There are 2 protein chains.
Amino acid sequence: MDGMGANSRLTVAAHALTWIGLYQRRGHEVATSEQIATSVNTNPVVIRRLLAQLRKAGLADSRRGAGAGWTLSRDLSAITLLDVYEAVEPGPVFALHPAPPDRECIVGRGIAPVLGAAYDGVETALRAELARTTLGDVLRDVLRDA
Amino acid sequence: MDGMGANSRLTVAAHALTWIGLYQRRGHEVATSEQIATSVNTNPVVIRRLLAQLRKAGLADSRRGAGAGWTLSRDLSAITLLDVYEAVEPGPVFALHPAPPDRECIVGRGIAPVLGAAYDGVETALRAELARTTLGDVLRDVLRDA
DNA sequence: GGTTGATGTAACTGTTGTTGTTACGATTCG
DNA sequence: CGAATCGTAACAACAACAGTTACATCAACC
């Protein structure tokens, strides 16, 4: 299994959408969670859980019943890594104090808003960088380096 | 007694160093982990563990024995949030696949380096943003808003 | 040289998040 | 109706984190 500390949900979600995009480009109607799971090397339920979040964000759609599966809601070139990040990541990168600091102390009283402002700037920069890459770019680079 | 997903280690470490800086500016020699823990509202061992990492990074020093405690290795204005981040955060923000993807598949074979390059750009942007704020800035803003 | 007060660190607990897995109901095409 | 797939709950295994207790170690000071 695993053992790292960072989140791989953005990676798996981007991989799944990119796979669907290539599959559709090759003329197929829908992609199943099992096909995607084979490419990602994980369990189909993991894929379905992630794609459910992406559907909620308006990036993917699903059909049920026989001949069911997943489709993209938009072209790969209209989906940025920021879109995927926002759909899939629960919270901000940095958190403030686990327990409220001492309000009798100047630092304890005042540092949370100051650090929070700095963290806001970091999140803004991170989002701007993620917005620079579309899944169309990702697929193009994958095919170029193949 | 918590409940969030993100890391608060950067917050606690920055708080501790800022507290030491103000305490020294007021004429005291050393700060104890118990004093700092009171301001942060946590256990002294948590502070000692974090300060040990900061000492390893050359940001703080400690004395043992009677009259022991912690001092800054540099002025607050010479310590950026990036310095603290690097001292205290273990890994990158985003991880690649938990298990190696399918090498029979074009996407599975090629997407990891492409996403990795995008993640490198994100880390670079994140670091640049953290480097823009020093703990001197933090203390100045805390005192200004007091 | 012993007392004292703080660091250094190991060990353990409770909680949370993540990934993977099984199971099964719901849905829809043919 | 039957088959295939989604939708989702439930659970296990694992790691990370915060907090806590405990105790050895060290150095200043009387």
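The chains referred to below are lettered A, B, ... by the order of the sequence lines, with proteins before strands, and numbering in each begins at 1. None of the values given here were measured: they were computed from a predicted structure.
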Considering only heavy atoms from C-beta outward, does the side chain of [X] approach that of [Y] to under 4.5 Å?
{"X": "Val12(B)", "Y": "Arg9(B)", "result": "no"}
{"X": "Ser77(B)", "Y": "Arg140(B)", "result": "no"}
{"X": "His15(A)", "Y": "Val107(B)", "result": "yes"}

Please set out all donor-acceptor pairs under 3.5 angstrom arising from side-chain atoms of residues 16-27 of chain A, sequence neighbours excluded.
{"residue": "Thr18(A)", "atom": "OG1", "partner": "Ala14(A)", "partner atom": "O", "Å": "2.7"}
{"residue": "Tyr23(A)", "atom": "OH", "partner": "Gln35(A)", "partner atom": "NE2", "Å": "3.0"}
{"residue": "Gln24(A)", "atom": "NE2", "partner": "Glu29(A)", "partner atom": "O", "Å": "3.2"}

[X]: partners by side chain to side chain contact (heavy atoms under 4.5 Å, CB included), with sequence neighbours left out:
{"X": "Leu76(A)", "result": "Leu72(A), Leu135(A), Leu139(A)"}
{"X": "Arg127(A)", "result": "Leu82(A), Tyr85(A), Glu86(A), Glu123(A)"}
{"X": "Asp102(A)", "result": "Glu104(A), Cys105(A), Thr38(B)"}
{"X": "Asp83(B)", "result": "Leu59(B), Arg74(B), Ile79(B), Thr80(B)"}

Original post:
What is the bend of the helix from dG1(C)-dC30(D) to dG30(C)-dC1(D) when you compare the axis at one end with the axis at the other, using five pairs each and rounding to 10°?
Top reply: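 The angle separating the two end axes equals 10°.
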Original post:
Using a cut-off of less than 4.0 Å, is there contact between a side-chain N or O of Ser62(B) and OP1 or OP2 of dG8(C)?
Top reply: yes
Original post:
Any side-chain N or O of Ser8(B) less than 4.0 Å from the OP1 or OP2 oxygen of dA18(D)?
Top reply: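 For Ser8(B), the contact criterion (side-chain N or O under 4.0 Å from OP1 or OP2 of dA18(D)) is met.
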Short of 4.0 Å, heavy atom to strand atom, which residues of [range] count as contacting DNA chain D?
{"range": "residues 63-76 of chain B", "result": "Arg64(B), Gly65(B), Ala66(B)"}
{"range": "residues 41-61 of chain A", "result": "Val45(A), Arg48(A), Arg49(A), Arg55(A)"}
{"range": "residues 29-37 of chain A", "result": "Thr32(A), Ser33(A)"}

Exercise: identify the closest heavy-atom pair between [X] and [Y]:
{"X": "Ala112(A)", "Y": "Leu96(A)", "answer": "O-CD2, 3.8 Å"}
{"X": "Asp137(A)", "Y": "Arg132(A)", "answer": "OD2-O, 3.9 Å"}
{"X": "Ala68(A)", "Y": "Val30(A)", "answer": "O-CG2, 3.5 Å"}
{"X": "Asn41(B)", "Y": "Pro100(A)", "answer": "ND2-O, 2.7 Å"}
{"X": "Ser73(B)", "Y": "Asp61(B)", "answer": "OG-OD2, 2.8 Å"}

Run the side-chain donor-acceptor check on residues 45-57 of chain B: report pairs under 3.5 Å with partners two or more places apart or on a different chain.
{"residue": "Arg48(B)", "atom": "NH1", "partner": "Ser33(B)", "partner atom": "OG", "Å": "3.1"}
{"residue": "Gln53(B)", "atom": "NE2", "partner": "Ala87(B)", "partner atom": "O", "Å": "3.4"}
{"residue": "Arg55(B)", "atom": "NH1", "partner": "Ser62(B)", "partner atom": "OG", "Å": "2.7"}

N/O donor-acceptor pairs under 3.5 Å from side chains in residues 113-122 of chain A, not counting sequence neighbours:
{"residue": "Tyr119(A)", "atom": "OH", "partner": "Thr11(B)", "partner atom": "N", "Å": "3.4"}
{"residue": "Tyr119(A)", "atom": "OH", "partner": "Thr11(B)", "partner atom": "OG1", "Å": "2.8"}

Original post:
By a strict heavy-atom criterion of less than 4.0 Å, which residues belonging to residues 14-25 of chain B are in contact with DNA chain C?
Top reply: none
Original post:
When the distance from CG of Asn7(A) to P of dC17(D) is rounded to whole Å, what number comes out?
Top reply: 12 Å
